[in-house]
Enquirer: 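Encoded as structure tokens, here's the structure I'll be asking about.
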Amino acid sequence: MKLGDVLILSLALALVIIGIHQSLTAGIGASYPIFMFAVGLLFWFQLRRNKAAQPEEKDEAPQKPRRKKKN
């Protein structure tokens with residue numbers, strides 16, 4: 001996992017904790033934008049992981065078998 005991925009995931013976790021605290025103190029209406037931003041960061045994290053794994057799958061794809069040359 002790269003540094004950017006770690007930062008995005010950590011920020012999303014911190015926002016979830018802040019959102020829970022806000023929902024307990026000020027209500028769910030005040031914490032809704034915080035939760036939505038955290039969900040957006042989680043989607044961004046998942047997108048980065050999928051894009052990072054995609055080129056590896058292309059490299060591992062089997063190649064077409066070559067025909068043997070006749071002598």
Side-chain angles (χ1 to χ4, degrees):
M1 201 180 319
K2 294 184 179 179
L3 180 63
D5 294 337
V6 171
L7 290 175
I8 292 170
L9 192 59
S10 300
L11 186 58
L13 179 63
L15 285 174
V16 167
I17 292 170
I18 292 169
I20 291 171
H21 178 265
Q22 284 293 320
S23 66
L24 292 176
T25 57
I28 193 74
S31 63
Y32 181 77
I34 298 171
F35 282 125
M36 289 299 106
F37 192 59
V39 168
L41 286 175
L42 288 173
F43 280 134
W44 188 24
F45 172 74
Q46 191 67 30
L47 178 71
R48 285 175 55 103
R49 282 186 58 188
N50 287 341
K51 283 194 175 193
Q54 196 172 22
E56 293 174 5
E57 292 174 0
K58 288 181 181 176
D59 292 339
E60 294 174 4
Q63 296 179 352
K64 293 181 181 178
R66 296 182 182 173
R67 292 184 181 178
K68 293 182 180 181
K69 293 182 181 180
K70 293 183 179 179
N71 293 334

Enquirer: Between S23 and I20 (side chain of the first, backbone of the second, donor and acceptor by atom type, cut-off under 3.5 Å), is there such a pair?
Expert: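 Between the backbone of I20 and the side chain of S23 there is a qualifying donor-acceptor contact (under 3.5 Å).
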Enquirer: Is L13 reachable from M1 through a run of I, L, V, M, F, W or Y residues, each pair having side-chain heavy atoms under 4.5 Å apart?
Expert: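 Per the 4.5 Å side-chain linkage, M1 and L13 are not co-clustered.
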Enquirer: On a heavy-atom basis, which atom in G29 and which in P33 lie closest, and how many Å separate them?
Expert: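 For G29 versus P33, the nearest heavy atoms are O-CD, 3.9 Å.
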Enquirer: Might you confirm whether atom CZ of F37 has over 12 heavy atoms from other residues, nucleotides or ligands at distances under 6.0 Å?
Expert: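 12 or below, so no.
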Enquirer: Would you say V16 ends up clustered with L11 if hydrophobic residues are merged whenever their side chains have heavy atoms under 4.5 Å apart, either directly or through other cluster members?
Expert: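 Per the 4.5 Å side-chain linkage, L11 and V16 are not co-clustered.
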Enquirer: Which pair of heavy atoms, one from I28 and one from F35, lies closest together, and at what distance?
Expert: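 Answer, listing the atom of I28 first, then F35: CD1-CE1, 4.1 Å.
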Enquirer: I'd like to check H21 versus I17 (side-chain heavy atoms, cut-off strictly below 4.5 Å). Are they in contact?
Expert: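 They are not in side-chain contact.
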Enquirer: For residues L47 and V39: do they belong to one hydrophobic cluster (side chain heavy atoms under 4.5 Å, members Ile, Leu, Val, Met, Phe, Trp, Tyr)?
Expert: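 Cluster IDs for L47 and V39 differ.
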Enquirer: Would you call L42 and I8 a side-chain contact if the rule is heavy atoms closer than 4.5 Å?
Expert: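 L42 does not reach I8 side chain to side chain.
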Enquirer: Going by salt bridge (charged side-chain N to carboxylate O under 4.0 Å, His left out), name the residues that satisfy it together with R49, two or more places apart in sequence or in a different chain.
Expert: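 For R49 there are no salt bridge (charged side-chain N to carboxylate O under 4.0 Å, His left out) partners, ignoring immediate neighbours.
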Enquirer: If you compare all heavy atoms of S31 against all heavy atoms of Q22, which two are closest, and at what distance to 0.1 Å?
Expert: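 What the structure gives for the nearest pair is CB-CB, 3.7 Å.
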Enquirer: With rounding to the nearest 0.5 angstrom, report the CG to CD distance, L9 to Q46.
Expert: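 Separation between the atoms: 10.0 Å.
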